2 protein chains.
Amino acid sequence: MSSNAYSCEQVKHLCALFKLLAEPNRLNILCNLGMECRPVSDIVAATGLSQTNVSFHLRALREAGLVRPERRGAFIYYCLSDSKLLSLLDDMWNWVEQRQMDGTLTDE
Amino acid sequence: MSSNAYSCEQVKHLCALFKLLAEPNRLNILCNLGMECRPVSDIVAATGLSQTNVSFHLRALREAGLVRPERRGAFIYYCLSDSKLLSLLDDMWNWVEQRQMDGTLTDE
DNA sequence: AACACATATGAGTAGTAACGCATATAGTTG
DNA sequence: CAACTATATGCGTTACTACTCATATGTGTT
């Protein structure tokens, strides 16, 4: 187990990923995307965000390689690059949920 | 699998966690901490950060329940609240590493 | 009690990131 | 080609956050 032996560079890479996931709208886009490819307009409708804002977040996710654009006619469909991300998010969420029930967060 | 069915509140909770992990110095502190409890002065020495800054980050981690302070004489030792976090970070890291090797990130 | 050490905290600052507006680009249809 | 739709992007603003400095609080020692 290499848990306590991360290099400085490793930490930065991980942080870059966490920074992307740390924005509610962005995380919401990822979760809403799920396994399916969806056009931007769908995401706009699903999230209620402005088109500009959705494009702004999609750009960040795209540049990090988390999502992949796919042109289909006039539409651009966005897809998760790797569905494993969903299970990682699930693991994280389960942990958070467990901690909540254990009352670990309630000391504040 | 509930991956694509997160509620708004769930997303916010997860984001709060990711926001904490998205800061390199903070993530570094967590990783340096590992399984052991260490006094603030140790963390200051290990990270090279100012004492004020370390306290600033420890406070954030403490208020989120990720670390737990433990007074021992004049020192305050900080410990990871749940070592499972380390394995989650490990999972994340392994995924990031894998993606790098697959070249998923190199399209930018 | 006075002092030294370990840590926390309040205030101010600087850098960054999310967002909206206006506009550009690319595709489709007439 | 003109009009329309879908998406991207440059710019300016605002809000947040990491950080530093100065200082407070708490603990052990003499």
Side-chain angles (χ1 to χ4, degrees), chain A residues 8 11-12 14-33 36-80 107-108, chain B residues 8 11-12 14-33 36-80 107-108:
Chain A
C8 215
V11 165
K12 280 190 213 149
L14 233 98
C15 274
L17 172 61
F18 285 138
K19 203 165 279 190
L20 285 168
L21 302 175
E23 217 290 320
N25 291 329
R26 213 147 42 204
L27 188 56
N28 204 24
I29 287 174
L30 283 178
C31 294
N32 272 310
L33 214 51
E36 298 179 49
C37 294
R38 304 177 68 185
V40 179
S41 48
D42 264 32
I43 302 174
V44 169
T47 59
L49 300 174
S50 72
Q51 180 265 317
T52 303
N53 199 12
V54 170
S55 274
F56 169 73
H57 287 306
L58 283 176
R59 177 188 198 171
L61 296 171
R62 178 191 355 124
E63 288 181 345
L66 293 188
V67 299
R68 176 173 34 87
E70 203 173 285
R71 179 134 240 157
R72 299 188 197 170
F75 295 79
I76 296 183
Y77 281 66
Y78 276 87
C79 333
L80 270 188
D107 52 3
E108 182 57 27
Chain B
C8 214
V11 166
K12 278 190 214 151
L14 228 86
C15 273
L17 172 61
F18 286 138
K19 206 166 276 189
L20 285 168
L21 301 175
E23 216 292 319
N25 292 328
R26 213 149 41 206
L27 188 55
N28 204 25
I29 288 173
L30 283 177
C31 294
N32 272 309
L33 215 50
E36 297 178 50
C37 295
R38 305 177 68 185
V40 179
S41 48
D42 265 32
I43 302 173
V44 169
T47 58
L49 301 173
S50 72
Q51 178 265 317
T52 303
N53 198 13
V54 169
S55 274
F56 169 74
H57 287 305
L58 283 175
R59 179 188 196 170
L61 296 171
R62 179 191 353 124
E63 287 180 346
L66 293 188
V67 299
R68 176 173 34 86
E70 204 173 283
R71 177 133 242 158
R72 300 187 195 170
F75 294 79
I76 297 183
Y77 281 66
Y78 275 87
C79 333
L80 270 188
D107 52 2
E108 184 56 28

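In this text the structure is predicted, and so the values were computed from the model without any measurement. All chains are named by letter (A, B, ...) in the order of the sequence lines, taking the proteins before the strands, and each is independently numbered beginning at 1.
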Rounded to whole angstroms, how far apart are CG on Asp42(A) and P on dT7(D)?
9 Å
Measuring to OP1 and OP2 of dC19(C), would you say a side-chain N or O of Asn25(A) lies under 4.0 angstrom away?
yes
What residues, two or more places apart in sequence or in another chain, satisfy side chain to side chain contact (heavy atoms under 4.5 Å, CB included) together with Arg72(A)?
Cys37(A), Glu70(A), Tyr77(A)
Arg38(A): partners by salt bridge (Lys or Arg N to Asp or Glu O under 4.0 Å), with sequence neighbours left out
Asp42(A)
Arg38(B) CZ to dA6(C) P, straight-line distance once rounded to whole Å:
15 Å
Results of ring pair (Phe, Tyr, Trp, His ring centres under 6.0 Å) for Phe18(A) - residues two or more places apart only:
Phe18(B)
Just to confirm, is there a sub-4.0 Å distance from OP1 or OP2 of dT7(D) to any side-chain nitrogen or oxygen of Ser41(A)?
yes
Selected nucleotide, minimal atom distance to Lys19(A) side chain, candidates dC19(D), dA17(C), dG20(C)
dA17(C)
Would you indicate, yes or no, if dC19(D) has its OP1 or OP2 atom less than 4.0 angstrom from a side-chain nitrogen or oxygen of His57(B)?
yes
Please state whether the phosphate of dC19(D), meaning OP1 or OP2, lies under 4.0 angstrom from any side-chain nitrogen or oxygen of Asn53(B).
yes
Between dT17(D) (P) and Leu61(B) (CG): distance, integer Å
14 Å
Donor-acceptor under 3.5 Å (Arg71(A) side chain, Gly73(A) main chain)
yes
Go through the structure and list residues passing side chain to side chain contact (heavy atoms under 4.5 Å, CB included) with Thr47(B), not counting sequence neighbours.
Asn28(B), Ile29(B), Asn32(B), Ile43(B), Leu49(B), Val54(B)
If you check every side-chain atom of Val40(B), which of dA8(C), dC19(D), dA8(D) has the closest atom?
dA8(C)
Separation of Ile43(B) atom CD1 from dA8(C) atom C1', in whole Å?
14 Å
Check the phosphate of dA18(C) against Arg26(A), side-chain N and O only, distance under 4.0 Å to OP1 or OP2. Yes or no?
yes
Name of the residue among Glu63(B), His57(B), Arg26(B) meeting side chain to side chain contact (heavy atoms under 4.5 Å, CB included) with Leu20(B)
Arg26(B)
Just the rounded figure in Å: distance from C1' of dA18(C) to CD of Glu23(A).
7 Å
Please report the distance, rounded to the nearest Å, between CG in Leu58(A) and C1' in dT9(D).
14 Å
In this structure, CD of Glu23(A) is separated from CG of Leu61(A) (nearest 0.5 Å) by 9.5 Å
In whole Å, what is the span from the CG atom of Leu21(B) to the P atom of dA18(D)?
12 Å
I'd like to know whether Leu80(B) forms a side-chain contact (heavy atoms from CB on, under 4.5 Å) with Leu66(B), so could you lay out the CA-CA distance, the side-chain angles of the two residues, the decisive distance to 0.1 Å, and finally the verdict.
CA-CA 6 Å; Leu80(B) 270 188; Leu66(B) 293 188; 5.5 Å; no
Close residues, residues 68-80 of chain B, relative to DNA chain C [heavy-atom separation under 4.0 Å]:
Ala74(B), Phe75(B), Ile76(B), Tyr78(B)
Whole angstroms only, please: what is the CD-C1' distance between Glu63(A) and dT9(D)?
11 Å
Kindly determine whether Leu17(B) and Leu21(A) satisfy side-chain contact (heavy atoms from CB on, under 4.5 Å), including the steps that lead there.
CA-CA 9 Å; Leu17(B) 172 61; Leu21(A) 302 175; over 6 Å; no
So, with a heavy-atom separation below 4.0 Å from DNA chain D, the residues of residues 44-52 of chain A are Gln51(A), Thr52(A)
If every non-hydrogen atom of Cys15(B) is compared with every non-hydrogen atom of Leu27(A), which pair is closest and at what distance?
SG-CD2, 3.6 Å
